[in-house]
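Structure record follows, encoded as structure tokens.
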Amino acid sequence: MRYPFLNLKTVNEPYADELREAACRVLSSGQYIGGCETEDFEHMLAEQTGTQYAVGVSNGLDALRLIFRALILLGRLHEGDGVAVPANTYIASVLAISDSGLTPVFVDADERSMNMDTSRLKTLPAGSIKAVLTVHLYGRPCWDKELADFCHTNGLQVVEDNAQAIGAVAGTDGLNGTRVTGSLGHAAAFSFYPTKNIGALGDAGAVTTSDREIAVTVRALANYGSDTRYHNLYRGFNCRMDPLQAAMLKVKLPHTGEVNGRRRRLAATYNGAITNPLVTGPLTETPDNCVWHQYVILCPERDRLRDYLTDNGVGTDINYPVPVHLQPCYSSYASLDFPVAERLSRNLLCLPISSCTSENDAREISAIINNYGK
Ligand SMILES: *Cc1c(COP(=O)(O)O)cnc(C)c1O
């Protein structure tokens, strides 16, 4: 591929020396679980997010599961409670809800933001949800004053799935000033899966919160439910973050602003250069809020466009081709109708936007797209 969608070796190349050094530091420390690498990383993430606490964990799905389990143990949620979740998200968001014995309540997407259409929350039957899992899909915050007010008025727990939006600034309405995603609700889950804007060299995740009870409970749950050594308060899990991954992330985390800025410039280039009437670009009203985990275009002839781009050396991806309620493992929801999410899944295509792509590449890719159908 002349324009690869993503090459993780290229992404990590600029940090290679520092990453090697950090890996050697862990090797010679003799501390392979817990310890100062993880603690340092947690402090860095909490500070960057503007929260009181960060807990390093094994991956993004576990971060979400630990949050929901903690909310149940703290008596804020109860088995069977409904949790609003967008119909267009990665399946991990929904797995975390159902795995915790809670009930996913799917909410259709907004066609323009491609996030949950939060205006639909008020149309849900009273009492049908006790929590909202807001997913900042593709790096665009799903958060505004109406949503904050709605959750507050109805006493809902608010959990953020921040796997795709590290460092995104939420709200230009003055409500939250310049608070970033990960600090908006009661707790937030991060993923550092290698393809995310800030990726580890394996699986890693984190929970951020300014709620001490949640932080303490999540930390205990992730360590066999143990609050002090060999004293088990909860029937917990083993979901700790590897110090080796914490050391990798300590190198990469300080580059969040720069990585996101680069993606923003690529998005601006695509926004300005793609003019093919067969293709709709993403919402650009608040482009500075978005950290562009994906740059998503819509085209009714998506599969043909994708083949054409492949033939022209442009790597693409589809996040995600099958909405969660139509997955075999959630067949009990298959009769539900989420027309916007379903249409998006048929029409969307993700263009290259990682550090493997230059602004000149983005201009050339745009020109190739503009020639489609001619
Ligand atoms: C990646 C991702 C997750 C899961 O993170 P893992 O670290 O892969 O477990 C959850 N939600 C969303 C929206 C994601 O993109």
Side-chain angles (χ1 to χ4, degrees), residues 22 25-47 49 51-81 83 92-93 95-102 130-131 133 157-163 182-183 185-193 200-250 253:
R25 191 174 68 229
V26 174
L27 175 64
S28 48
S29 76
Q31 175 112 41
Y32 307 132
I33 297 288
C36 67
E37 297 291 345
T38 314
E39 284 166 22
D40 289 349
F41 167 74
E42 289 173 344
H43 288 134
M44 287 168 74
L45 182 65
E47 178 162 69
T49 312
T51 52
Q52 296 283 315
Y53 310 97
V55 182
V57 301
S58 35
N59 57 61
L61 172 59
D62 284 345
L64 286 165
R65 291 166 67 219
L66 290 162
I67 293 169
F68 285 116
R69 190 59 61 120
L71 291 172
I72 290 169
L73 287 167
L74 293 169
R76 302 196 205 170
L77 292 178
H78 299 91
E79 202 173 322
D81 280 352
V83 180
S93 316
L95 290 172
I97 296 171
S98 60
D99 185 61
S100 305
L102 301 165
K130 294 284 170 9
L133 177 57
Q157 297 293 309
V158 180
V159 180
E160 292 173 78
D161 181 337
N162 198 31
S183 72
H186 294 89
F190 288 66
S191 167
F192 301 101
Y193 183 78
L201 269 59
D203 275 314
V207 173
T208 57
T209 180
S210 290
D211 184 315
R212 190 170 174 281
E213 280 188 329
I214 294 178
V216 169
T217 311
V218 163
R219 191 179 289 288
L221 277 175
N223 188 31
Y224 308 109
S226 164
D227 54 348
T228 56
R229 200 155 189 241
Y230 299 132
H231 182 261
N232 296 74
L233 204 52
Y234 312 114
R235 297 177 192 177
F237 313 99
N238 177 352
C239 299
R240 298 171 301 222
M241 172 182 263
D242 280 354
L244 193 58
Q245 296 308 336
M248 302 296 104
L249 290 168
K250 276 167 65 183
L253 198 62

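Atom set for the values below is all heavy atoms of this structure, side chains included, hydrogens, waters and symmetry mates excluded.
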Let me confirm one number: the [atom1]-[atom2] distance from [X] to [Y], rounded to the nearest 0.5 Å.
X	Y	atom1	atom2	value
Asn162	Thr208	CG	OG1	7.0 Å
Ser191	Leu61	OG	CG	9.5 Å
Ile72	Ser100	CD1	OG	5.0 Å
Leu64	Ser93	CG	OG	6.0 Å
Arg219	Ile214	CZ	CD1	14.0 Å
Phe237	Arg69	CZ	CZ	4.0 Å

Hey, are the side chains of [X] and [Y] touching, using non-hydrogen atoms and a 4.5 Å cut-off?
X	Y	result
Glu37	Arg25	yes
Leu73	Leu221	yes
Phe68	Val83	yes
Leu74	Gln157	no
Asp99	Leu95	no
Tyr224	Arg240	yes
Glu79	Leu102	no
Tyr32	Leu27	yes

So which heavy atom on [X] is nearest to which on [Y], and how close?
X	Y	result
Ala247	Ala22	O-CB, 3.8 Å
Leu77	Ala131	CD2-CB, 4.0 Å
Met44	Leu253	CB-CD2, 3.8 Å
Glu213	Thr217	O-OG1, 2.6 Å
Asp40	Lys250	OD2-NZ, 3.0 Å
Ala204	Gln245	CB-CB, 4.1 Å

Expected output: side-chain [X] to main-chain [Y] donor-acceptor under 3.5 Å:
X	Y	value
Asp242	Leu244	no
His186	Val159	no
Asp62	Asn59	no

What do the steps show when you test Tyr53 against Val218 for side-chain contact (heavy atoms from CB on, under 4.5 Å), and what is the final call? CA-CA 11 Å; Tyr53 310 97; Val218 163; over 6 Å; no
Please identify which of these residues, Leu249, Leu201, Asp203, meets the side-chain contact (heavy atoms from CB on, under 4.5 Å) condition with Phe192.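 Output: one option passes, namely Leu249.
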For side-chain contact (heavy atoms from CB on, under 4.5 Å), just list the numbers for Met241 and Glu42, CA-CA rounded to whole Å, side-chain angles, deciding distance to a tenth of an Å, and then say yes or no. CA-CA 10 Å; Met241 172 182 263; Glu42 289 173 344; 5.9 Å; no
